[in-house]
Amino acid sequence: MEPVRLLPGFRDFYPEAFRLRRHFATIWRQVAGLHGFSEYDGPVLEALDLFRKKSGEEIERQLFAFTDKGDRAVALRPEMTPTLARMVAAKAASLRRPVKWFSIGDQFRYERQQKGRLRCFTQFNADLLGEEGPAAEVELISLLAASLRAFGLTEEDFCIRISDRTFWIHFLETRGITGETARGVLGVVDKLERESPEATRQALGAVVGEAAADPLLEAIRRLVAVRDLGELEAIAGNGVDAGALGAARERLALWAELMADLEAIGLGDFVQVDLGVVRGLAYYTGFVFEAFDRKGAFRALAGGGRYDGLVELFGGPSLPAAGFAVGDVVLEELLRERGKLPPLVEAVDVYLVVGENSRRPALEAAAALRAHGYRVEYALKAGGFGKQFKAAAQSGARLALTFGPDEIARGVCKVKDLAARTEEEVPLASVLTAVARHFQA
RNA sequence: GUGGUAGUAGCUCAGUCGGUUAGAGCACCAGAUUGUGGAUCUGGGGGUCGCCGGUUCAAAUCCGGUCUACCACCCCA
């Protein structure tokens with residue numbers, strides 16, 4: 001028989017790997033709870049239209065899409081936001097605001113896999129809806145930082161770079177660049193870090209024309225080099241369109257509020273103004289942010305931003321919204337590289353060593369101990385005591401309880417502290433209290 | 001979807017001027033040890049050398065294709 005292989009880009013989670021998966025989920029639930037977010041989930045399979053609606057038809061190439069037996073065009077979800085937007089849109093009238101929801105779930109993308117990117121991965125998503133001001137971003141960035149710091153990552157390890165699509169739009173307007181051309185320019189900005197200066201210049205020339213390219217490129221380079229608000233203000237002042245200039249200045253007031261709040265909650269060393277972050281998504285409408293490894297060796301750890309139009313797009317009221325997602329794949333790579341993966345061991349509390357004709361009393365004890373919440377394991381097959389003690393040691397149990405013919409005949413069992421290597425005899429009737437005594441200490 | 005590199009045991013790998021029955025370490029199982037420990041020693045299971053085809057008396061080894069993985073591009077919600 002030919003073995004059936006794992007699908008490309010998918011993973012098996014053997015117990016050891018699953019422990020890490022569970023660890024991620026535990027930490028994310030914990031920090032989300034600390035921020036007052038409620039957990040939700042939606043279906044893994046959705047109507048294809050849900051994703052087309054948001055991202056356009058060209059996105060289909062990256063979708064696990066197919067026709068089901070009822071002739072419906074469906075797709076595995078590539079991200080959580082459309083599902084969230086649909087759910088919120090359907091109940092928006094009755095939801096208490098702000099809506100603060102999070103989810104932990106698998107996402108699917110039909111892409112060639114590579115470092116940090118698989119076809120099925122787990123995302124922690126958090127969204128805050130109903131708040132139009134930067135207070136939403138503050139709360140979300142606070143949660144994002146917490147969801148990384150909880151793994152032991154510090155300001156030495158990661159940084160959250162914050163940008164602003166609205167500022168970019170206004171800035172380009174001051175230079176008479178709007179609409180499709182503006183989008184094209186942002187596409188060039190997005191690639192600025194990765195492309196050679198010549199390629200960038202050429203791409204920009206193709207978008208805005210040769211005459212405008214050089215001065216614009218100069219201005220863009222100054223903008224993306226900005227790391228604090230003062231510089232931003234100075235650069236924003238050099239425009240020709242007075243109306244756009246005013247709009248850009250209004251954004252700066254929101255920036256000031258955002259950064260001051262982040263400073264106040266202790267994230268000053270974790271966040272950075274960086275207009276080089278654009279994010280590909282067309283639906284982002286305001287502040288956008290990405291969490292990066294400080295050393296720049298990995299893909300983005302997380303990304304998010306404001307998407308004020310999306311709930312309305314899904315048939316709901318006009319509802320301001322922002323959110324972010326953290327993926328498990330890059331995070332695991334980073335934690336592994338930094339030696340921050342915790343030793344995740346699964347250990348029982350008590351291991352029963354069972355001798356000849358002693359199975360029943362041992363089973364009774366196991367049942368009683370389990371009923372009291374102790375994790376109990378014992379050898380399923382009778383074997384030598386040496387072998388059973390070896391198994392007891394490997395099980396990670398704190399105690400080994402010996403049930404042999406000698407003990408049973410005398411109405412006792414032996415309780416051994418495996419770490420201290422000390423052993424005592426206790427009457428069968430008081431096994432529970434003897435075990436309890438060891439676990440109290 | 002495009003390009004580059006690679007594929008030998010569960011894992012890490014050795015093994016090519018083409019030549020007997022393909023190896024080691026780790027892991028797993030058993031025995032030494034039928035009543036007390038993660039050690040040690042001995043033994044064992046586990047491979048159609050990714051798959052298919054070609055060249056050859058003979059292929060893990062050379063050639064072609066294919067699949068998969070890794071890296072990069074496209075994309076990155």
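Throughout, a chain's letter reflects where its sequence line sits, starting with A, and its residues are numbered from 1.
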Exercise for the section: Report the distance from atom CZ of A:R117 to atom P of B:rG1, rounded to the nearest whole Å. Expected result: 13 Å

Exercise for the section: Using the P atom on both, measure B:rA24 against B:rG47 and round to a whole Å. Expected result: 15 Å

Handout entry: Integer angstrom distance from the C1' of B:rU56 to that of B:rU40
Key = 49 Å

Practice task
Name the pairing partner of B:rC76, where a pair is Watson-Crick or G-U wobble with both distances under 3.5 Å, or state none.
Solution key: none

Problem - Side-chain ion pair, A:R183 and A:D190, N-O less than 4.0 Å - result: no

Practice task
Using the C1' atoms only, state how far B:rA6 lies from B:rU36, rounded to an integer number of Å.
Solution key: 50 Å

Exercise for the section: For nucleotides B:rU48 and B:rA9, find the distance between their P atoms and express it as a whole number of Å. Expected result: 8 Å

Fill in the blank from the handout: By the Watson-Crick or G-U definition, both distances under 3.5 Å, B:rU5 is matched with B:rA69

Exercise for the section: Please work out if A:K387 contacts a base, only the sugar-phosphate, or nothing of the nucleic acid, heavy-atom cut-off 4.0 Å. Expected result: sugar-phosphate

Practice task
Quick one: label A:G323 by what it contacts on the DNA or RNA (base, sugar-phosphate, nothing), any heavy atom closer than 4.0 Å.
Solution key: nothing

Handout entry: Parallel, tilted or perpendicular, as decided by the 30° and 60° cut-offs, for the rings of A:Y40 and A:W101
Key = tilted

Practice task
Please state whether the phosphate of B:rG37, meaning OP1 or OP2, lies under 4.0 angstrom from any side-chain nitrogen or oxygen of A:Q394.
Solution key: no

Exercise for the section: Report the distance from atom NZ of A:K191 to atom P of B:rC76, rounded to the nearest whole Å. Expected result: 7 Å

Problem - Residue matched to B:rU56 through Watson-Crick or wobble contacts both under 3.5 angstrom - result: none

Problem - A:E423 (side chain) and B:rU36 (base): donor-acceptor pair under 3.5 Å - result: yes

Completion exercise
Side-chain atoms of A:R112 come closest, of B:rU68, B:rU2, B:rC71, to B:rU2

Practice task
Measure from CD on A:Q62 to P on B:rU2 and round the result to the nearest Å.
Solution key: 14 Å

Handout entry: Under 3.5 Å: donor-acceptor pair, side chain of A:T166, backbone of A:D164
Key = no

Exercise for the section: Measure distances between side-chain N and O atoms of A:R61 and base N and O atoms of B:rC74, and say whether any donor-acceptor pair falls under 3.5 Å. Expected result: yes

Exercise for the section: Measure from NZ or CZ of A:R161 to the centre of the six-membered ring of A:F289 and say whether it is under 6.0 Å with the direction within 45° of the ring axis. Expected result: no

Fill in the blank from the handout: Ranking B:rC76, B:rC71, B:rG35 by distance to the side chain of A:F385, first place goes to B:rG35

Handout entry: Who pairs with B:rA30 - Watson-Crick or G-U, where each distance is under 3.5 Å
Key = B:rU42

Practice task
Look through every strand shown and name the nucleotide pairing with B:rG25 as Watson-Crick or G-U wobble, where both distances are under 3.5 Å.
Solution key: B:rC11

Practice task
Just say parallel, tilted or perpendicular for the rings of A:F158 and A:F270, cut-offs at 30° and 60°.
Solution key: tilted

Fill in the blank from the handout: residues 395-412 of chain A vs side chain to side chain donor-acceptor pair (under 3.5 Å), sequence neighbours excluded, gives A:E407-A:K414, A:R410-A:E425

Practice task
Have a look at A:P78 and say if it touches a base, only the backbone sugar-phosphate, or nothing, with a 4.0 Å heavy-atom cut-off.
Solution key: base

Exercise for the section: Could you check how far CD of A:E195 sits from P of B:rC75, rounded to whole Å? Expected result: 9 Å

Exercise for the section: Mark yes when over 12 heavy atoms from residues, nucleotides or ligands other than A:E424 sit less than 6.0 Å from its CD; otherwise mark no. Expected result: yes

Exercise for the section: With P as the reference atom in both, quote the distance from B:rG53 to B:rA60 in angstrom, rounded to an integer. Expected result: 14 Å

Handout entry: Given B:rC71, B:rG35, B:rA69, the nucleotide with the shortest approach to the side chain of A:D406
Key = B:rG35

Handout entry: Listed nucleotide nearest any side-chain atom of A:Q114, set B:rC76, B:rG35, B:rC71
Key = B:rC71

Completion exercise
The nucleotide from B:rA69, B:rU36, B:rG37 with an atom nearest the side chain of A:R421 is B:rG37

Handout entry: Interatomic distance at P, B:rU66 relative to B:rG1, whole Å
Key = 13 Å

Problem - Sugar-phosphate, base or nothing in reach of A:L6, heavy atoms under 4.0 Å - result: nothing

Handout entry: Whether A:F389 stacks on the six-membered ring of B:rU36 base, 5.5 Å and 30° limits
Key = yes

Practice task
Could you check how far CG of A:D417 sits from P of B:rG37, rounded to whole Å?
Solution key: 15 Å

Practice task
Write down the distance between CZ (A:R299) and C1' (B:rC73), rounded to a whole number of angstrom.
Solution key: 11 Å

Exercise for the section: For A:G404, report the nucleic acid contact type (base, sugar-phosphate, nothing); a contact means any heavy atom under 4.0 Å. Expected result: base

Handout entry: Sugar-phosphate only, base, or nothing, as touched by A:Q113 at under 4.0 Å among non-hydrogen atoms
Key = sugar-phosphate

Exercise for the section: Round to the nearest Å and state the distance from A:Q107 atom CD to B:rC76 atom C1'. Expected result: 14 Å

Problem - Nearest-angstrom distance, P atom, B:rC74 to B:rG15 - result: 37 Å

Practice task
Determine the Euclidean distance between corresponding P atoms of B:rG37 and B:rA32; express it in Å to zero decimal places.
Solution key: 14 Å

Exercise for the section: Find the partner of B:rC49: check Watson-Crick (N1-N3 plus N6-O4 or O6-N4) and G-U wobble (N1-O2, O6-N3) distances, both under 3.5 Å, and reply none if neither fits. Expected result: none

All N/O donor-acceptor pairs, side-chain side in residues 361-373 of chain A, below 3.5 Å, sequence neighbours left out:
from   : atom 1 : to     : atom 2 : distance (Å)
A:R370 : NE     : A:V376 : O      : 3.4
A:R370 : NH2    : A:V376 : O      : 2.7
A:H372 : ND1    : A:A368 : O      : 3.0

Problem - Proximal nucleotide (of B:rG1, B:rG35, B:rG38) relative to the A:K390 side chain - result: B:rG38

Exercise for the section: To the nearest Å, give me how far apart OH (A:Y351) and C1' (B:rG37) are. Expected result: 12 Å

Completion exercise
Per nearest nucleotide of RNA chain B, the residue lying toward the 5' end, A:G383 or A:E333, is A:G383

